[in-house]
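Step one of this worksheet: look at the structure below.
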Amino acid sequence: MPILNAEIAKQLEQVADLLDIEGANPFRVRAYRRAARLIGELPRNVADMVAAGESLDELPGIGKDLAEKIAILARGGELPILKELERQAPPGITALLALPGLGPKRVHALYEALGIDSVAKLAAALEAGKLRDVPGFGPEIEAKLRRALAEGAGQPQRTRLAVAEQTVTPLLAALRSAEGVMAAEVAGSFRRRRETVGDLDIVVAAESPEPVMQRFTSYEDVAQVVERGPTRATVILRGGLQVDLRVVPEESFGAALMYFTGSKAHNIALRQIAVDHGWKLNEYGLFRGERRLAGRTEAEVYQRLGFPFIPPELREDQGEIAAARAGKLPKLVEAAEIRGDLHMHTNATDGAASISAMAKAAASLGYSYIAITDHSKRVTMAHGLNEKRLAQQIEEIARFNATNPGITVLASIEVDILEDGRLDLPDSILKRLDLVVASIHSRFELPMEKQTERVLRAMDNRYFNIFAHPTGRLIGTRPPYAIDMERIMRGALERGCYLEVNGQPERLDLTDVHCRLAKELRLKVAISTDAHRPEELGFMRFGLGQARRGWLEAEDVLNTRPLAELRRLLKRS
Ligand code: DGT
Ligand code: CA
Ligand code: CA
Ligand code: ZN
């Protein structure tokens, strides 16, 4: 999907907020707010306008400078001024904006008068009765804030896994290069591949903790050192993400990694098992009295407890311990088992690359097939394909396949499911495709019954194969639409259709819970990236994380099958 006007507007609004908090010139702030509102309400898609080379400074109230910034955003780029403002602002301060009654002006006043730059400091100031001295604050707003805080408002935002990953990679490299470090790994929800993380937890094995602690707290991206002890520290990075570090001796590394990987519920269950043996399990190891039974590796600790290694994605106390005990742990699907990717876009619609560039990138991942699934005509902002353009693409794919034996490109489409359950293109063209991926891009608000029937009716079309991003949610910004997933899955089984786990970091639907349901019903799923550029084929790792959290094995996944078998599976009777 191209950048939506709403997304551009949101970033302009963020610039305005941060400028306002900083106490910048009100005219400048107002220019950004006006632009945000204009873009948000514009009937046309700004990304399209930019792509078509139209100049934006003809829009009312948009000067050359703002037009350039909007164009950057419309092309999917980052706004330097926003990055800079975010870097300068105290890390927790924007969280205050989420509280009732607190706009940027009042946040500015709180910061000026009392140095309040986080929800925690605000809570403390309220407690101490200090707020009433700040201009513009009174008993009413105080009461409102108290109530909101009591209800848990302003809690730190969770960070999407992919965003956290950008932080993790360089940070781990920095820690691994510190003197005397033997191993450094991320634990916590990140390692369990949750969709979002509250904070990062890093475990390091080192000869002595001091050099690692030093490297960690002086890391260039650290905005604030919250806590620092001899073997543990907590920092907040410039983007606002918190990182907990724990340094342990090598003989405890496995036990510490296990402890900080969690989940808490999994840990508690394991600890109980240790206690039942008369042992003790903690972050230093598994002990009988003073004697260490295990701790150097996780596998060793699990083994001593009587289990095989339990993959982190399963450690949620959702039956994995009983399964391990019974020798019935699933053999979770792995990256090396993926043979192809069944959902991606090209520059024929809103993707950035050609068919051949996508195919070559896929071949370099070792895939033997991909499906090209551009949007259909209804999705106008993505310049969706009509019958004629799709027919041309089918021919282009045939030409590519004829001259490139390394990988098979399947002709496909991401066809829009219309409100009444019809598909956006006629059967006469759908039947010429190798497979049909279908999805919803409109009328998210239909009641559950209607939404469910809409999709079932679409599946009645004999060319429908895979229902893509089946909940429509965008993590943190758009809730899932109401749909009866079990009915959809049973409907898919009856008709010979499949559902997708979408690897885009803000989608990741089906969820883990849905994956488990699919497995229980014996419905296979496709794990697809929905890539809009070659690098995004790597989003397979996020889809895999979700599928693994849902206990899926290779045979549960459509795109682990060799091409011939895939074709058989896609054939509807
Ligand atoms: P998050 O950060 O909210 O996404 O989730 P986690 O699972 O990363 O939780 P976090 O960062 O609070 O703690 C990391 C791990 O440390 C957690 O998964 C298990 C372990 N842990 C934390 N607190 C406790 C506790 O009170 N008891 C036990 N047994 N383990 C704990
Ligand atoms: Ca964590
Ligand atoms: Ca933590
Ligand atoms: Zn797509």
Side-chain angles (χ1 to χ4, degrees), residues 1-2 155-161 163-164 167-168 185-203 232 234 236 241-246 248 255-275 280-284 312-313 315-317 341-346 348-352 358 370-376 378-379 381-385 412-417 424 436-441 466-470 472 474-475 500-504 506-507 509 526 528-533 536-537 539 543 549:
M1 298 277 288
Q155 285 309 307
Q157 292 281 314
R158 295 184 63 86
T159 305
R160 286 203 298 261
L161 192 61
V163 176
T167 300
V168 161
E185 294 295 340
V186 198
S189 49
F190 183 90
R191 186 163 177 246
R192 303 198 313 279
R193 307 305 281 168
R194 293 282 308 261
E195 301 161 356
T196 60
V197 302
D199 69 2
L200 289 174
D201 306 277
I202 295 185
V203 182
R232 67 172 79 194
T234 294
I236 295 177
L241 186 59
Q242 177 177 308
V243 188
D244 295 338
L245 173 74
R246 190 63 176 269
V248 296
L257 189 57
M258 202 164 151
Y259 181 90
F260 292 105
T261 295
S263 66
K264 195 169 161 182
H266 180 83
N267 286 353
I268 290 170
L270 285 185
R271 200 169 335 130
Q272 187 54 49
I273 291 164
V275 168
K280 194 175 81 186
L281 175 63
N282 59 29
E283 62 265 51
Y284 298 103
E313 294 93 332
R315 299 183 196 171
E316 300 289 349
D317 194 24
D341 193 332
L342 298 176
H343 185 164
M344 71 190 64
H345 298 267
T346 73
T349 60
D350 60 346
M358 296 304 281
I370 56 167
I372 297 295
T373 58
D374 273 312
H375 287 288
S376 65
R378 172 59 66 99
V379 187
M381 24 174 230
H383 196 41
L385 301 183
S412 185
I413 185 85
E414 179 178 4
V415 66
D416 210 50
I417 299 174
D424 186 28
V436 171
V437 173
S439 63
I440 287 179
H441 293 103
I466 299 172
F467 181 28
H469 44 75
L474 295 178
I475 296 172
E500 176 188 88
V501 176
N502 188 295
Q504 292 279 321
E506 72 279 12
R507 290 195 181 275
D509 58 344
S528 306
T529 63
D530 200 349
H532 284 63
R533 52 188 72 242
E536 288 185 7
L537 292 172
F539 286 169
R549 289 177 55 74

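Keep in mind that this is a model prediction, so the values were computed, not measured. Whatever order the structure lists them in is the order used to number ligands and atoms, beginning at 1. Starting from 1, each residue takes its place in the sequence as its number.
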Query raised in the report: So Arg194 and Ser189, side chain to side chain donor-acceptor pair (under 3.5 Å) or not? Walk me through it.
Result: CA-CA 5 Å; Arg194 293 282 308 261; Ser189 49; over 6 Å; no

**Report entry** Between Asp530 and His343, a side-chain donor and acceptor under 3.5 Å
**Finding:** yes

Requested in this report: Mind checking salt bridge (charged side-chain N to carboxylate O under 4.0 Å, His left out) for Arg192 and listing every partner two or more places apart, or none if nothing turns up?
Outcome: Glu316

**Report entry** Under 3.5 Å: donor-acceptor pair, side chain of Thr234, backbone of Asp244
**Finding:** no

Query raised in the report: Do Arg246 and Glu283 sit within salt-bridge range, that is, some charged N less than 4.0 Å from a carboxylate O?
Result: yes

Query raised in the report: Given Asn502, which of Glu506, Gln504, Glu500 fulfils the side chain to side chain donor-acceptor pair (under 3.5 Å) condition?
Result: Glu500

Query raised in the report: Is the distance from the Zn ion (ligand 4) to the nearest N/O/S atom of His532 under 2.8 Å?
Result: no

Query - N, O or S atom within Asp530 nearest to the Zn ion (ligand 4), by name - result: OD1

Requested in this report: State yes or no: are the ring centers of His441 and His375 separated by less than 6.0 Å?
Outcome: yes

Report summary line: the Zn ion (ligand 4) -> His343, closest N, O or S atom is NE2

Report task. List for me each residue that meets ring pair (Phe, Tyr, Trp, His ring centres under 6.0 Å) alongside Phe467, sequence neighbours excluded, and say none if there are none. Result -> none

Query - Which atom of Met258 lies closest to which atom of Asn267, heavy atoms considered - result: O-OD1, 3.6 Å

Report task. Taking the Ca ion (ligand 2) as the centre, count the protein N/O/S atoms lying under 3.0 Å from it. Result -> 3

Query raised in the report: What atom name does the N, O or S atom of Glu414 nearest to the Zn ion (ligand 4) carry?
Result: OE1

Query raised in the report: Which protein residues have a heavy atom under 4.0 Å from ligand 1?
Result: Arg158, Gly188, Ser189, Arg192, Val197, Gly198, Asp199, Asp201, Tyr259, Phe260, Thr261, Gly262, Ser263, Lys264, Asn267, Arg271

Report summary line: Scanning both residues in full, the closest heavy-atom pair of Ile413 with Asp374 reads CD1-O, 3.3 Å

**Report entry** From CA spacing to verdict: side chain to side chain donor-acceptor pair (under 3.5 Å), Asp509, His469
**Finding:** CA-CA 5 Å; Asp509 58 344; His469 44 75; 5.4 Å; no

